[in-house]
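Just so it is clear, the model here is predicted, and its values are computed rather than measured.
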Amino acid sequence: MTTTLLHIAEYLDDRRWTYEVDAANDCIIIGVRAENVERLLLAIRLGEDGEHFSLAAPTLLNVRNHPYKGVLCQTLLTIAWEINMVRWEYNPVTGEVGAAIEFPLEDNHLTQRQFDRCLDGLIYLVDAVAMPRILAVLETGVDPGEVELGERLLLTLQESWPAGVLGQLEKALAARKQIGVS
């Protein structure tokens with residue numbers, strides 16, 4: 001019992017979403033409203049005779065000649081580590097960055113619940129979670145996620161260590177900086 005594009009089209013019909021079936025490329029294309037992505041297009045593909053599911057946002061942005069491309073790639077890897085559902089993609093030829101959720105179905109049928117989780121998850125994780133951070137990196141060259149991690153670490157230390165320890169730590173770090181040790 002393999003999944004077909006017709007099954008997925010029915011799931012989209014149940015949502016009353018507009019989509020386009022691209023029979024030549026064996027996929028469904030959906031345009032989605034987003035807050036942080038100018039033009040969020042999703043491509044749904046079934047491969048291996050319906051035994052492999054792919055939901056992708058193939059062209060989120062282009063960073064081919066961007067000065068902060070390296071920091072962005074590091075940030076994308078960090079986001080991938082933090083969020084296990086989405087795979088980030090970078091095309092070194094075109095410079096395009098995309099995101100995808102893919103998994104084998106083998107002899108199972110993709111359920112409406114699985115499809116909805118993937119669709120809603122990809123849209124939310126790309127638009128609301130990742131893109132604000134990605135856009136900040138492209139603007140500043142600094143990953144705001146690293147700053148947040150440092151702040152969380154300091155808060156944890158402040159809550160668990162005795163009073164005054166953070167002040168002593170700050171003095172020790174300043175002294176190390178003065179002698180050239182980082």
Side-chain angles (χ1 to χ4, degrees), residues 1-64 66 69 71-138 143-146 148-149:
M1 179 157 103
T2 60
T3 301
T4 65
L5 285 180
L6 179 60
H7 290 118
I8 293 174
E10 289 172 4
Y11 296 159
L12 292 168
D13 290 340
D14 288 346
R15 288 175 164 242
R16 294 183 172 83
W17 280 28
T18 304
Y19 57 90
E20 183 178 318
V21 177
D22 181 354
N25 291 307
D26 243 3
C27 69
I28 295 176
I29 306 295
I30 309 167
V32 180
R33 285 193 188 104
E35 303 250 342
N36 297 296
V37 181
E38 187 175 321
R39 196 167 168 234
L40 183 54
L41 291 177
L42 303 178
I44 303 167
R45 284 196 166 85
L46 292 169
E48 302 172 19
D49 296 320
E51 293 184 357
H52 185 267
F53 171 78
S54 172
L55 171 64
T59 311
L60 293 170
L61 49 105
N62 189 306
V63 295
R64 184 174 189 181
H66 200 284
K69 178 171 58 175
V71 177
L72 174 67
C73 288
Q74 181 176 332
T75 301
L76 292 174
L77 285 172
T78 302
I79 293 170
W81 179 73
E82 295 169 351
I83 302 168
N84 63 6
M85 191 169 174
V86 176
R87 183 185 82 197
W88 294 92
E89 303 169 339
Y90 171 71
N91 183 328
V93 175
T94 64
E96 291 176 343
V97 173
I101 296 173
E102 294 187 6
F103 52 89
L105 296 169
E106 297 304 330
D107 57 353
N108 294 303
H109 180 73
L110 180 71
T111 67
Q112 173 106 35
R113 185 172 176 203
Q114 288 173 312
F115 176 74
D116 289 344
R117 178 167 182 205
C118 291
L119 183 62
D120 294 338
L122 184 66
I123 293 167
Y124 172 75
L125 293 171
V126 166
D127 187 46
V129 175
M131 283 307 287
R133 188 168 165 182
I134 289 168
L135 294 173
V137 167
L138 293 176
D143 179 3
E146 286 185 19
E148 291 170 17
L149 178 62

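- Under the 4.5 Å side-chain criterion, counting only non-hydrogen atoms from C-beta, I44 is not in contact with Y19.
- Around CZ of R15, the count of heavy atoms belonging to other residues, nucleotides or ligands within 6.0 Å exceeds 12.
- For T75 (side chain) and D143 (main-chain N/O), no donor-acceptor pair under 3.5 Å exists by modelled atom type.
- Side-chain contact between V71 and L138 is absent, with no heavy-atom pair separated by less than 4.5 Å.
- Counting non-hydrogen atoms of other residues, nucleotides and ligands closer than 6.0 Å to CG of D13 gives a total above 12.
- Across every non-hydrogen atom of G31 and L41, the tightest pair is CA-CD2, 3.8 Å.
- What you find for C27 and L5 is that their closest heavy atoms are N-CD1, 3.7 Å.
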Task: L12 and L119: CA distance, side-chain angles, deciding distance, side chain to side chain contact (heavy atoms under 4.5 Å, CB included) verdict - done: CA-CA 10 Å; L12 292 168; L119 183 62; 4.2 Å; yes
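- To the nearest 0.5 angstrom, L60 atom CG is 6.5 Å from L40 atom CG.
- Pairing each heavy atom of L55 with each of L122, the nearest pair is CG-CD2, 3.6 Å.
- Using a cut-off of 4.0 Å between Lys/Arg side-chain N and Asp/Glu carboxylate O, R45 and D22 are scored as not salt-bridged.
- Rounding to the nearest 0.5 Å places CG of L110 at 5.5 Å from CG of L105.
- Remark: side-chain polar atoms of N62 are paired, donor with acceptor, to backbone N or O of T94 under 3.5 angstrom.
- Between W88 and L77 the shortest side-chain heavy-atom distance does not fall below 4.5 Å.
- Ring pair F115/F53 is perpendicular by interplanar angle, where above 60° counts as perpendicular and below 30° as parallel.
- Residues A128 and N36 approach most closely at CA-ND2, 4.3 Å, considering heavy atoms.
- The environment of OH in Y124 is sparse: at most 12 heavy-atom neighbours from other residues, nucleotides or ligands sit within 6.0 Å.
- For the pair I30 and I28, the minimum side-chain heavy-atom distance is below 4.5 Å.
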Task: Stepwise side chain to side chain contact (heavy atoms under 4.5 Å, CB included) check, E10 with Q112 - done: CA-CA 9 Å; E10 289 172 4; Q112 173 106 35; over 6 Å; no
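- When every heavy atom of H109 is checked against every heavy atom of Q114, the shortest pair comes out as O-OE1, 3.7 Å.
- The main-chain N or O of E102 is never found under 3.5 Å from a side-chain atom of H52 such that the two would form a donor-acceptor pair.
- In this structure, V137 and P144 have side chains that are in contact, with non-hydrogen atoms separated by less than 4.5 Å.
- The closest side-chain heavy-atom distance from M85 to R117 is below 4.5 Å.
- Residues M131 and V126 have side chains in contact (heavy-atom distance under 4.5 Å, counting atoms from C-beta outward).
- In terms of heavy-atom proximity, E89 sits nearest to A100 at OE2-CB, 3.5 Å.
- Side-chain N or O atoms of N91 include one that pairs as donor or acceptor with a backbone N or O of V93 at under 3.5 Å.
- Ion pairing between a basic and an acidic side chain is recognised when a charged N comes within 4.0 Å of a carboxylate O; E82 and R133 show such pairing.
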Task: Residues L42, I29; criterion side chain to side chain contact (heavy atoms under 4.5 Å, CB included); working and verdict - done: CA-CA 6 Å; L42 303 178; I29 306 295; over 6 Å; no
- [ ] May I have the step-by-step check of side chain to side chain contact (heavy atoms under 4.5 Å, CB included) for C118 and I101, ending in yes or no?
- [x] CA-CA 7 Å; C118 291; I101 296 173; 3.9 Å; yes
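- Summarising the geometry, atom OG belonging to S54 is positioned 9.5 Å from atom CZ belonging to F103; distances are rounded to the nearest 0.5 Å.
- Taking 4.5 Å as the limit, every side-chain heavy atom of E51 sits out of range of all side-chain heavy atoms of T3.
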